[in-house]
Number of protein chains: 2
Amino acid sequence: MAVSDQTQMAVLGGLSLAPMTGYALREQIRDTLGQFWSESFGQIYPALALLERDGLIERRETVRSGSSIFAVTPGGVQRLRELLAEAPAPEKPRNGLLLRLFFGRQLGADACRQLVLDAQSRAEADLAGLSTVRSEVEADDSADAPFILLTVMAGEHAARATLAWAHDALDVLERQAAATQRLQ
Amino acid sequence: MAVSDQTQMAVLGGLSLAPMTGYALREQIRDTLGQFWSESFGQIYPALALLERDGLIERRETVRSGSSIFAVTPGGVQRLRELLAEAPAPEKPRNGLLLRLFFGRQLGADACRQLVLDAQSRAEADLAGLSTVRSEVEADDSADAPFILLTVMAGEHAARATLAWAHDALDVLERQAAATQRLQ
DNA sequence: ATGGGCATGTAAGTAGTTACATGATTTA
DNA sequence: TAAATCATGTAACTACTTACATGCCCAT
């Protein structure tokens, strides 16, 4: 199956930070890129096979039989730069939360309120997690650190925006509930 | 082909606001839900066929031959409420901008700067568009309006967060460029 | 020795997009 | 009357996920 440019970019990029196994790469993507990117096993291994075939990554032996460390070759770095330079694909958003709120009249104000509270909790948890990541990134003086910090900052701003929105949204829902009650 | 619950929800929801043709529904989804939802023709028509088969929507004749207005039936409203009550599917994020910035060391600080500036422009445009939408929603005294307002507010908070982040990010990139220059 | 985590890979299925084909109606 | 727009629908394709199959290695 064809492997998309997007997936190749994530795989080459991940391996460019440090050579590792496919398994470790998947954990790396889930744990450090998870806030804004996702790849599944079913994408990663075919991508590794393709990139190896094209000489963009190479397999290094490990002590453990049946496993290998993948490292980006000079050609792979070149390819990564080309991929990164492509314009980001326009996103096709699918925000289940906002879709439900949009049709909130059918869902009911109480359920909407609960959805907002859930989003609030998630944003609080994200913010806590990001503060840990920020400390790590700030302690890291590698050349990658300043760029990684940009993505941490994006997560923080987004989470704080969610908290501020949740506050306003609960306000609207409360006033709306009060107005509905008056009509009854 | 199977039509996902998500698509059925968007289609039923859209038609619940007002009966319309499939074509108009697609425009409605693109123009009013576009900030947080997307559906393509290839999904909408099969969904309409399925929902009609199940008696959840009905086809009303129009003057124009070969076209029909679709309206939600009582059973369709019931189904919509069930779908809305399902927990939102966890998002699989794919933010091409943040992925590129994460590997910004390979992309280069100048290109990163340009990406941030582009995001800033888009956020400004979004904010301007949303202020128009907000006026419309505030003037609308239908029962749907307060819920639609919640999604408008979410868009506004997200856009303002992007602007604030862009400011900080340009700062980081500038300081980083200055630091790099000192080393040369 | 066995259960759990590390590791690689494939197959089947799902979801969604794009491009195409067709025709009606309106408008310039 | 020609072009643009409204309208419906399908087929081929792309991308991605999930579940499964397999085996290694370490700790208990």
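Here is the naming used below: chain letters follow the sequence lines, and residue numbers restart at 1 for every chain. Because only heavy atoms are used, hydrogens play no part in the values below, and waters and symmetry mates are left out as well, while side chains stay in. Predicted, not measured: the structure shown is a model, and the values here were computed from it.
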Practice problem: Name all pairs fulfilling the ring-ring contact (aromatic ring centres under 6.0 Å, His included) condition that reach into residues 52-82 of chain B, sequence neighbours left out, sorted by first residue then second. | Solution: none
What integer distance in Å separates [X]:[atom1] from [N]:[atom2]?
X     : N      : atom1 : atom2 : value
A/F41 : C/dA11 : CZ    : C1'   : 16 Å
B/I44 : C/dT18 : CD1   : P     : 13 Å
B/E39 : D/dT8  : CD    : C1'   : 17 Å
B/L25 : D/dG9  : CG    : C1'   : 15 Å
B/L48 : D/dG9  : CG    : P     : 8 Å
B/Y45 : C/dA19 : OH    : C1'   : 15 Å
B/E27 : D/dA7  : CD    : P     : 8 Å
A/Q43 : C/dT14 : CD    : P     : 17 Å

Quiz item: Which sits closer to the 5' end of DNA chain D, A/S4 or A/G66, going by the nucleotide each is nearest to?
Solution: A/S4
Please determine, for the side chain of [X], which listed nucleotide ([options]) has the closest atom?
X     : options                : answer
B/R59 : C/dA15, D/dG9, C/dA7   : D/dG9
B/S67 : C/dG16, D/dT8, D/dT17  : D/dT8
B/S65 : C/dA24, D/dC16, C/dA15 : C/dA24

Give a yes/no answer on whether the side chain of [X] brings an N or O atom under 4.0 Å of OP1 or OP2 in [N].
X     : N      : answer
B/T7  : C/dG16 : yes
A/T62 : C/dA7  : no
A/Y23 : C/dT8  : no

Indicate yes or no: does [X] engage [Y] in a salt bridge with an N to O separation below 4.0 Å.
X      : Y      : value
A/R30  : A/E39  : no
B/R160 : B/E124 : no
B/E91  : A/R94  : no

Practice problem: Mind checking B/R26 for me? I need base, sugar-phosphate or nothing, with any heavy atom below 4.0 Å counting as a touch. | Solution: nothing
Practice problem: Look at all strands and tell whether B/S40 reaches a base, only sugar-phosphate, or nothing, counting heavy atoms closer than 4.0 Å. | Solution: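 Result for B/S40 = base.
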Quiz item: Any side-chain donor paired with an acceptor under 3.5 Å for B/T62 and B/S67?
Solution: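 There is such a pair between these side chains.
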Quiz item: Donor-acceptor pair, A/S121 side chain versus A/L117 backbone, under 3.5 Å?
Solution: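 Yes; at least one donor-acceptor contact below 3.5 Å.
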Quiz prompt | Test item: B/T73 side-chain N/O and B/L56 main-chain N/O as donor-acceptor pair under 3.5 Å | solution =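 Judged by distance alone, yes, a pair lies under 3.5 Å.
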Practice problem: Answer with yes or no whether A/R64 presents, from its side chain, a donor or acceptor under 3.5 Å of a partner atom in the base of D/dC24. | Solution: yes
Practice problem: Under 4.0 Å from any atom of DNA chain C, heavy atoms only: list the residues of residues 81-93 of chain B that qualify, in numerical order. | Solution: none
Which donor-acceptor pairs under 3.5 Å do side chains of residues 104-113 of chain A form with protein atoms, sequence neighbours excluded?
from	atom 1	to	atom 2	distance (Å)
A/R105	NH1	B/D144	OD2	3.3
A/Q106	OE1	B/R81	NE	3.1
A/Q106	OE1	B/R81	NH2	3.1

